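Following: one structure in structure tokens, then a few remarks.
Just so you know, these numbers come straight off a predicted model, no measurement behind them. Basis for what follows: all heavy atoms, side chains included, without hydrogens, waters or symmetry-related copies.
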Amino acid sequence: MMGAKGEIGNYLKEHFPDFESALVEEIKNEGELILFPADELIMDIGQKVEQIPLIVNGIVKVFREDEDDHEIFLYYLHPGEACAITLICSAREGYSKIKAIPVEDTTAIVLNISKLDEWMPKYKSWYYFVMDSYQDRFEELLKVVDAVAFRQMDQRLIEYLNKTAKANKSRIINETQSQIALELNSSREVIGRLLKKLEQQGKVKVSRNQIALLK
């Protein structure tokens with residue numbers, strides 16, 4: 001039976017192929033494989049960030065929530081990625097600004113936050129990985145800002161459905177209208193009306209707790 005180090009090594013080879021061999025060895029020694037069940041909170045707003053999860057299997061949804069429980073969807077994390085906001089909080093030994101929840105059973109290589117700064121000057125591949133993570137997530141956040149500031153809700157809804165379908169690799173979206181409304185900071189009535197309009201246009205088919213993308 002393959003040991004934990006061997007399993008971590010295989011995940012790194014598959015999803016983080018640019019990591020230097022010495023870095024891979026350190027991650028194998030320092031990292032821990034953890035399975036996060038679907039819908040179980042990985043990170044909550046205000047939680048002290050003490051670990052860095054590198055996603056190697058599954059999908060994680062990242063979003064913001066205010067004190068009135070209003071939510072807004074930010075982005076998905078896929079295998080080969082880490083949450084840049086978590087990395088920033090880790091670097092400052094701060095507290096989380098986001099919520100992260102797996103949409104399916106998700107496996108991550110979890111590292112202690114001390115490794116973030118230790119490896120930045122030591123390994124170029126780690127430095128570039130962290131910098132690329134910052135850039136990718138910054139661009140995602142700009143898209144969220146643009147959507148909220150400049151796009152109509154129907155455009156935001158279509159983009160949300162497409163992102164969700166792409167993340168789940170399925171054109172069937174198993175989410176309620178209430179859940180979608182919460183994550184787009186809208187109301188169930190507005191989302192229901194827009195979905196009905198999209199259905200009339202032949203773009204979606206709506207059934208109970210399920211939406212099928214047709215175009």
Side-chain angles (χ1 to χ4, degrees), residues 1-38 40-65 73-145 163 166-167:
M1 182 179 294
M2 183 183 298
K5 288 186 179 181
E7 196 171 359
I8 289 174
N10 285 341
Y11 276 130
L12 291 173
K13 183 178 180 180
E14 180 179 1
H15 298 297
F16 300 89
D18 295 330
F19 282 178
E20 297 140 278
S21 57
L23 173 58
V24 169
E25 288 304 312
E26 286 217 48
I27 294 176
K28 285 163 64 176
N29 289 327
E30 301 290 342
E32 180 183 1
L33 271 181
I34 295 181
L35 173 65
F36 297 98
E40 182 176 293
L41 197 64
I42 293 179
M43 183 65 62
D44 200 359
I45 294 172
Q47 179 180 336
K48 186 170 177 59
V49 179
E50 298 177 312
Q51 296 175 319
I52 304 166
L54 305 179
I55 308 301
V56 294
N57 188 43
I59 306 169
V60 176
K61 180 182 288 185
V62 179
F63 55 95
R64 281 277 293 163
E65 183 180 81
F73 167 74
L74 298 178
Y75 49 79
Y76 287 102
L77 292 175
H78 299 87
E81 298 180 332
C83 181
I85 297 175
T86 301
L87 292 174
I88 292 170
C89 294
S90 298
R92 298 185 177 184
E93 295 188 1
Y95 296 84
S96 175
K97 309 296 183 184
I98 54 90
K99 276 192 169 186
I101 297 179
V103 298
E104 61 187 36
D105 290 350
T106 296
T107 304
I109 302 171
V110 177
L111 300 162
N112 188 279
I113 60 168
S114 63
K115 298 303 171 184
L116 177 67
D117 288 337
E118 178 184 332
W119 290 343
M120 287 290 280
K122 191 174 180 180
Y123 299 112
K124 284 187 177 180
S125 59
W126 178 257
Y127 171 84
Y128 287 126
F129 170 72
V130 173
M131 291 299 103
D132 287 345
S133 296
Y134 289 163
Q135 180 176 339
D136 291 345
R137 297 311 156 201
F138 179 70
E139 291 175 357
E140 288 280 358
L141 292 176
L142 284 181
K143 291 178 183 178
V144 173
V145 172
K163 277 189 175 182
K166 183 178 179 181

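- Atoms NZ and CE, on K115 and M120 in that order, are 15.0 Å from each other to the nearest 0.5 Å.
- In this structure, I42 and P102 have side chains that are in contact, with non-hydrogen atoms separated by less than 4.5 Å.
- Expressed to the nearest 0.5 Å, how far CD of E26 lies from OH of Y123 amounts to 3.5 Å.
- Ring geometry for Y76 versus H78: interplanar angle of 30 to 60°, hence tilted.
- The closest side-chain heavy-atom distance from W126 to L116 is below 4.5 Å.
- Nearest heavy-atom pair across I8 and G31 is CD1-O, 3.7 Å.
- Of the inter-residue distances, the one linking N10 atom CG with K28 atom NZ reads 8.5 Å to the nearest 0.5 angstrom.
- Below 30°, between 30° and 60°, or above 60°: for F19 and F16 the angle between ring planes is below 30°, a parallel geometry.
- Here the closest heavy-atom approach between residue T106 and residue G58 is recorded as OG1-CA, 3.6 Å.
- Using modelled atom types, one side-chain atom of R64 and one backbone atom of K97 make a donor-acceptor pair closer than 3.5 Å.
- Here the rule is side-chain contact (heavy atoms from CB on, under 4.5 Å) with H15, and of N57, L54, V56 only V56 fits it.
- Within the 4.5 Å cutoff, the side chain of F36 has heavy atoms near those of the V110 side chain.
- Counting only heavy atoms from C-beta outward, the side chains of L77 and R137 approach each other to under 4.5 Å.
- Here the closest heavy-atom approach between residue P53 and residue A108 is recorded as CB-CB, 4.0 Å.
- Of all the heavy atoms in P37 and L35, the pair that sits closest is CD-O, 3.5 Å.
- I109 contributes atom CD1, which lies 11.0 Å from atom CD1 of I34 (distance to the nearest 0.5 angstrom).
- A side-chain donor-acceptor contact under 3.5 Å links S125 and E20.
- Two residues are said to be in side-chain contact when any heavy atoms from C-beta on lie closer than 4.5 Å; N112 and E30 fail this criterion.
- To the nearest 0.5 Å, atoms OG (S114) and CH2 (W119) are separated by 8.5 Å.
- Here NZ of K122 is found 9.0 Å from CG of L23. Values are rounded to the nearest 0.5 Å.
- Side-chain atoms of S133 do not come within 3.5 Å of backbone N or O of M131 as any donor-acceptor pair.
- What you find for E140 and L74 is that their closest heavy atoms are OE1-O, 4.3 Å.
- D105 contributes a side-chain N or O that, together with a main-chain N or O of A38, makes up a donor-acceptor pair within less than 3.5 Å.
- No side-chain heavy atom of Y75 sits under 4.5 Å from any side-chain heavy atom of D136.
- Closest approach of I45 to E65, counting heavy atoms only: CD1-O, 3.2 Å.
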